[in-house]
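First up is the structure itself, then whatever we jot down about it.
Numbered from 1 within each chain, the chains take letters A, B, ... in sequence-line order.
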2 protein chains.
Amino acid sequence: MPKLDESLLTGLPPFSLLERAQIREILDHAVSRRYEEGTPIFREGHDADRFFLLLDGYLRVIRSTAGGDQIIVLHISPGQLFGIAPALQRDTYPATAIAAAESIALSWSAKLWGDFTASYPGFATESYKTLGQRLGQIQETLTEMATQAVEKRVAAAVLRMVNQSGRKTDQGIEIAFPVTRQNISDMTGTTLHTVSRLLSAWQKDGIVESTRKHIVVTDPHALVLLSGAQG
Amino acid sequence: MPKLDESLLTGLPPFSLLERAQIREILDHAVSRRYEEGTPIFREGHDADRFFLLLDGYLRVIRSTAGGDQIIVLHISPGQLFGIAPALQRDTYPATAIAAAESIALSWSAKLWGDFTASYPGFATESYKTLGQRLGQIQETLTEMATQAVEKRVAAAVLRMVNQSGRKTDQGIEIAFPVTRQNISDMTGTTLHTVSRLLSAWQKDGIVESTRKHIVVTDPHALVLLSGAQG
DNA sequence: CCGGAACGTTGCTCTGAAACAAACTCCTGA
DNA sequence: TCAGGAGTTTGTTTCAGAGCAACGTTCCGG
């Protein structure tokens with residue numbers, strides 16, 4: 001296995017305070033791996049023996065019910081730590097992570113978490129900061145789910161993906177990873193049928209442009225209004 | 001202000017590894033306060049300048065939408081840390097905490113969080129463990145909200161309160177703090193009307209017994225079945 | 001002891017969205 | 001190049017649960 005380059009980590013929040021030598025040290029303990037679209041990185045209930053950093057690609061974090069229904073709890077984008085159950089003293093992962101697009105991630109043995117927080121200034125602080133943001137996001141989604149009508153939720157879900165991964169094209173802003181109607185329904189707790197109808201309607205109104213597994217938002221402002229941003 | 005007694009903290013997870021002298025030290029920095037039912041301890045968006053430990057009573061943690069709807073994210077029971085936004089490097093509280101019954105809580109300046117985690121063995125570990133559990137709970141609620149029908153959600157919500165605060169009486173297990181229909185609807189994202197109907201129906205079936213702000217579960221097993229525990 | 005507020009119950013109506021159903025389109029691999 | 005599967009679209013039906021309304025009950029302060 002070739003040595004990983006230091007530039008992979010420089011500039012990322014958890015490592016921003018570190019010396020070059022320290023980053024080297026961290027990388028020497030890391031394992032790098034590529035995941036095809038649809039491949040699980042880890043599964044709900046399995047031994048939480050490693051923690052991860054996404055270098056490239058996008059992930060979906062999923063929870064399933066006993067009845068077989070599933071929902072997408074959040075998305076992970078490049079530069080983020082994930083699977084940090086070990087940081088929370090959990091011995092199993094509470095959710096499943098799946099590559100939404102071809103992805104590359106580093107990972108470390110869970111045992112190293114303690115070493116990292118102890119040895120590297122800023123690492124713990126920044127990690128827990130991320131965790132706090134994530135907790136806030138989930139609470140946000142929860143309130144939304146409990147109080148908002150389907151159309152608002154779907155609009156909000158699309159916006160969230162755009163905000164996290166949007167990149168400009170000539171027609172508008174596109175979501176950088178493949179998304180199916182089913183995926184969106186799993187984010188919003190509705191059916192793919194309803195999502196399909198909504199997207200069709202929005203397309204008619206010139207708000208989005210969508211093909212098979214691909215969505216471009218042509219009128220973000222209209223979508224923000226639909227999402228009910230207190231208007 | 002009289003000195004607080006060490007026995008208040010002994011045995012609680014975050015402090016279990018500590019010496020008597022260390023507990024003394026921690027208590028000397030603490031402020032103790034009593035809150036009437038309905039009194040807010042802190043509010044969403046306000047400066048997160050303190051963190052708390054509930055000694056007695058029960059709290060509701062609430063989030064509100066711009067549109068004025070609100071939902072109860074979780075309940076806090078005695079012995080739990082709460083308002084630990086400072087631990088996550090947040091400068092405002094992401095939710096509001098309100099006394100569901102008359103309550104007593106200790107609090108410390110947010111600045112001390114760093115000192116506590118640095119000086120007291122096990123404190124950080126135990127705190128983040130709690131946080132992990134809480135994150136798991138919220139994800140659980142989220143999936144439930146997205147996939148389950150109203151009756152199941154309400155049953156699950158009642159069960160959660162019973163598990164957290166249930167105490168045996170001659171007729172069954174009662175929830176130890178006041179709960180209105182509206183409260184339950186705020187936990188489940190439905191209306192108080194629907195909750196009222198459900199409780200009436202359950203009462204008819206001999207599953208619960210409820211008076212004004214008080215609920216006794218007479219047949220917990222039936223409720224578990226209703227909650228859809230994969231049966 | 002009275003009046004009003006807070007909480008709860010119940011009946012009725014109506015609609016948003018799930019469920020069911022049936023094609024259609026694109027993509028992939030044999 | 002053809003078959004099958006994955007993803008999508010659209011129409012129709014159905015119903016759980018929200019909304020509205022009116023009334024009952026308990027509690028508390030003056």
Testing I184(A), L198(A), V195(A) one by one against T190(A) for a side-chain contact (heavy atoms from CB on, under 4.5 Å), which residue passes? V195(A)
Contact residues, residues 194-219 of chain A to DNA chain C [heavy atom, < 4.0 Å]: T194(A), R197(A), R212(A)
Whole angstrom is fine here: how far is it from CD in E36(A) over to P in dT28(C)? 14 Å
Over 60° means perpendicular and under 30° means parallel, so tell me whether F52(B) and Y93(B) are parallel, tilted or perpendicular. tilted
Separation of atom CD in Q182(B) from atom P in dA6(C), rounded to whole Å: 13 Å
Rounded off to whole Å, could you give me the CD-to-P distance for the Q148(B) and dA18(C) pair? 14 Å
Nucleotide range of DNA chain D contacted by chain A, 5' to 3', under 4.0 Å to a heavy atom? dA6(D) to dT12(D)
R43(B) atom CZ: more than 12 heavy-atom contacts under 6.0 Å: no
Say whether, by atom type as modelled, one donor and one acceptor occur between the side chain of S165(A) and the main chain of V162(A) under 3.5 angstrom. no
Look at the side chain of R63(B) and the backbone N and O of A95(B), then say whether any donor-acceptor pair between them is shorter than 3.5 Å. no
Would you check if the side chain of Q164(B) reaches a backbone N or O of H75(B) as a donor-acceptor pair within less than 3.5 Å? yes
Nearest-angstrom distance from the residue atom CD of E37(A) to P of dT28(C): 11 Å
Are the side chain of S103(A) and the backbone N or O of Y58(A) linked by a donor-acceptor pair below 3.5 Å? yes
Could you go through T188(A) and T194(A), starting from their C-alpha distance and side-chain angles, then the distance that decides it, and tell me whether this counts as side-chain contact (heavy atoms from CB on, under 4.5 Å)? CA-CA 11 Å; T188(A) 50; T194(A) 300; over 6 Å; no
